Amino acid sequence: MKNKTAEMLVDRFQTLRTMRSTWESHWQEIADYMLPRKADITQQRTRGDKRTEHIYDGTAIHALELLGASLHGMLTNAASPWFTLQFKDGLLSEDDEAQEWLGSVTEDMYVAFNRSNFQQEVQELYQDLISFGTSAMFVTSDEKNLVRFNTRHIKEIYVSENEKGLVDTVFRRFTIPARAAVSLFGEMKVGPGIFNKYKKDVFADVELLHVVSPRDSYDASKRDSNNMPFKSCYLDPDDVHLISEGGFNEFPYVVPRYLKASYEIYGRSPAMNALPDVKMLNKMSEVTIKAAQKQIDPPLMVPDDGFILPIRTVPGGLNFYRSGSRDRIEPLQTGANNPITVNMIQDRQLAIQKTFYVDQLLMAQGGNMTATEVLQRNEEKMRLLGPVLGRLQSELLQPLIERVFNILNRANVFKPAPEIMQGQNIEIEYVSPLAKAQKSGDLNAVMRGVEIFGTMSQFAPILDYLDTDGLAKYVQKTLGLPAKIIRSDAEVSQVRKQRQQQQQQAAEQQQALQEAQAAGAAAPMVKAVQQ
């Protein structure tokens, strides 16, 4: 049975579908040449079929995989910390209890990330981001692993932005087996169309539409799913039937864009820039392969008279010709120039690799480099991705971390917060290798300044201008040093007090020793005077 909500959402979906239609052929072409396992955007491909019929050179495929793996390693590497939590109120940073609680929260979040399927799903997200310029990940709670991630194919996603330019509405049209739909929602809710398919064949595929968008009005004092900031609706788009309606406390989708024009909703990608070179390279490789075949196994020029057919070209084959004839079987000379073709192919390959930063991401071979040079080169190649970092932090990392934090908080995973924490705000500090590389320039300038101060201190009391405590905190924050290895301000004060007491005791002992030595040296003289 149709209702007004279902009809309104289906109408909105048709609008978003029309707006996205101009992108689909572009995405399909990119997938055909660079991401063939996802090349079913405008084409209905059979599951398990071969999808590499357009590919004669794998340079673009390998370059895309390398850039995706590099982003994963530099932004969300499971082997190293990539974010920390800090207080906006600087006074709380001096409270040991508050810092310990914040450290335990960060550790609990890392445990949840590592226990879940985050690593494999975020890798898929990076692949989509580099290929199509837009990717989408669904983040939800899980009974077993607390949190679950699901990167969705760009074919399923239709998005819309709010007034701030951030995606806050997602329409996802997807296909699942009929039995999965009935198991998920129940026989009474799926609607007559899906239920009839289920009765005929439980394994038959059915289409569903999942809509997540901001709720226009709700009662924040109520905690039911119909009074949450974001509305979640499942529909049968064919029957225009509303299956279920719920809600989310936060936007459950993470939809980053690689680069984006201000008048466009969907993002642009390196694969779009490389597409002309990729198509040319594949065509050149195809032609070169055909030319090489003609040279290795050339067409034969056979006289129209004098030879007994068929002509045998196998090794050891015998061909009979008329006695006394001077005609011969000769290969056709095509005049192909292979060196020129190879050079042109190498030029296209190099252009594609530069588009995907392969020449910078891979360490140059040959030559001996010091550890400092290696470190500087790593920082330089990470800074190349600096323009992308800002957008990924605002559209990927920040909403992702906030969503996981809130899910774990509602599941009572964290320890009870201290009373001093009530009403305090927490901010995210990114400490991934890519984020650190962006700050390395400032750190190098500071260390250079300290070095100059040290040199000038030999003839001027310039070190009085240097705040050593502030310098230590700046280095800790810039390098993202873990709180476990850094003492708190109270501990540092206690250590300094103990050191001062020890120095004072040592000075008193030294003075007593000197007085004793002076008294011992004066004793013979006093005795002599008395005699």
Side-chain angles (χ1 to χ4, degrees), residues 16 20 23 27 31 35 37-38 41 64-65 67-78 82-83 109-110 112-142 144-162 165-174 176 208-214 230 232 234 248-260 265-267 269 271 388-389 391-408 428 430 432 434:
L16 293 180
R20 203 196 74 167
W23 293 88
W27 293 340
L35 200 62
R37 61 189 176 90
K38 295 189 177 183
I41 299 170
L64 189 147
E65 292 176 349
L67 181 55
S70 299
L71 283 178
H72 187 192
M74 291 187 292
L75 280 177
T76 52
N77 191 353
W82 47 279
F83 75 92
M109 293 183 66
Y110 277 120
F113 274 114
N114 295 332
R115 285 177 55 186
S116 68
N117 61 338
F118 174 71
Q119 293 301 322
Q120 56 265 35
E121 292 298 322
V122 77
Q123 176 62 23
E124 289 293 324
L125 182 138
Y126 289 131
Q127 294 278 333
D128 290 351
L129 189 65
I130 298 167
S131 303
F132 310 119
T134 305
S135 55
M137 175 188 285
F138 184 67
V139 185
T140 185
S141 57
D142 185 78
K144 182 179 179 181
N145 296 324
L146 298 176
V147 62
R148 185 174 72 254
F149 305 89
N150 196 345
T151 298
R152 305 312 311 171
H153 196 301
I154 191 64
K155 175 184 179 180
E156 302 177 354
I157 300 299
Y158 304 81
V159 302
S160 179
E161 293 180 335
N162 58 16
L166 300 176
V167 174
D168 67 343
T169 300
V170 170
F171 283 66
R172 177 192 166 214
R173 185 169 185 171
F174 62 102
I176 61 172
L208 296 178
L209 183 63
H210 183 211
V211 181
V212 179
S213 61
F230 289 90
S232 172
Y234 283 92
F248 293 100
N249 289 288
E250 307 89 27
F251 189 55
Y253 282 97
V254 178
V255 188
R257 279 79 57 90
Y258 190 87
L259 293 173
K260 189 182 78 71
I265 296 177
Y266 296 93
S269 68
V388 184
L389 179 61
R391 180 170 291 277
L392 292 182
Q393 285 180 349
S394 62
E395 295 187 352
L396 171 61
L397 300 181
Q398 180 177 345
L400 173 69
I401 295 170
E402 290 178 352
R403 172 69 172 159
V404 172
F405 177 88
N406 290 323
I407 290 176
L408 299 182
I428 303 169
Y430 302 104
S432 64
L434 184 55

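Worth saying up front: this structure is predicted, and the values here are computed from it rather than measured.
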| query | Which heavy-atom pair separates K38 from D128 by the least distance, and what is that distance? | reply | NZ-OD1, 2.6 Å
| field | Approximate separation, where rounding is to 0.5 Å, of F251 CZ and D168 CG | value | 6.5 Å
| query | Under 3.5 Å, is there a donor-acceptor pair linking the side chains of S70 and Y126? | reply | no
| note | For S269 and I130, the nearest pair of non-hydrogen atoms, with its separation, is CB-O, 3.0 Å
| With a 4.5 Å heavy-atom cut-off, do T169 and V159 have their side chains touching? | no
| query | Taking the six-membered ring for Trp, are H210 and F138 parallel (under 30°), tilted (30 to 60°) or perpendicular (over 60°)? | reply | perpendicular
| Which pair of non-hydrogen atoms, one from A112 and one from V147, has the smallest distance, and what is that distance? | O-CG1, 3.9 Å
| query | Is a side-chain donor or acceptor of N117 paired with a backbone partner of Q120 at a separation under 3.5 angstrom? | reply | no
| field | Minimum side-chain heavy-atom gap L400-F149 below 4.5 Å | value | yes
| query | Yes or no on side chain to side chain contact (heavy atoms under 4.5 Å, CB included) for I401 and V404, after CA distance, side-chain angles and deciding distance? | reply | CA-CA 5 Å; I401 295 170; V404 172; 6.0 Å; no
| query | Are side-chain heavy atoms of F83 and L75 found at a separation under 4.5 Å? | reply | no
| Side-chain heavy-atom pair Q127, E65 within 4.5 angstrom cut-off | yes
| remark: Taken to the nearest 0.5 Å, the spacing of E395 CD from L392 CG works out to 8.0 Å
| remark: CE (M74) and CG (L389) are apart, to the nearest 0.5 Å, by 9.5 Å
| query | Out of F132, Y258, W27, which residue meets the ring-ring contact (aromatic ring centres under 6.0 Å, His included) rule with Y266? | reply | W27
| field | Full working for side chain to side chain contact (heavy atoms under 4.5 Å, CB included) between V122 and T151 | value | CA-CA 7 Å; V122 77; T151 298; over 6 Å; no
| Can E156 and R173 be counted as an ion pair, charged N to O under 4.0 angstrom? | no
| query | Taking 4.0 angstrom as the limit, do K260 and E161 come out as a salt bridge? | reply | yes
| message | Tell me if the aromatic rings of Y253 and F248 count as close, with their centers under 6.0 Å from one another. | response | no
| query | Quick one: CD on Q398 to CD on Q393, what's the gap to the nearest 0.5 Å? | reply | 9.0 Å
| Below 4.5 Å, heavy atoms only, C-beta onward: do L71 and T76 meet side chain to side chain? | no
| field | W23 ring center near Y158 ring center (under 6.0 Å) | value | no
| Over all atoms of both residues, closest heavy-atom pair of A271 and S131 | CB-O, 3.4 Å
| Donor-acceptor pair between N150 and R152 side chains, under 3.5 angstrom | yes
| field | Test log, rule side chain to side chain contact (heavy atoms under 4.5 Å, CB included), inputs H72 and N77 | value | CA-CA 6 Å; H72 187 192; N77 191 353; 5.8 Å; no
| Roughly how far apart are E124 CD and M137 CE, rounded to 0.5 Å? | 9.5 Å
| So, do Y430 and L397 sit near enough that their side-chain heavy atoms are less than 4.5 Å apart? | yes
| field | Identified side-chain contact (heavy atoms from CB on, under 4.5 Å) counterpart of P252 within the set I407, V212, T140 | value | V212
| query | Measuring from R20:CZ to S160:OG, what's the distance to the nearest 0.5 Å? | reply | 13.5 Å
| query | Are side-chain N/O atoms of Q119 and Q123 paired as donor and acceptor at under 3.5 Å? | reply | no
| query | Under a 4.5 Å cut-off applied to non-hydrogen side-chain atoms, are L146 and S116 in contact? | reply | no
| query | Are T134 and I154 close enough that some pair of their side-chain heavy atoms sits under 4.5 Å apart? | reply | yes
| note | Correct closest heavy-atom pair for R257 and L166 would be NH2-CA, 4.5 Å
| remark: Nearest heavy-atom contact between E402 and I428 is CG-CD1, 4.2 Å
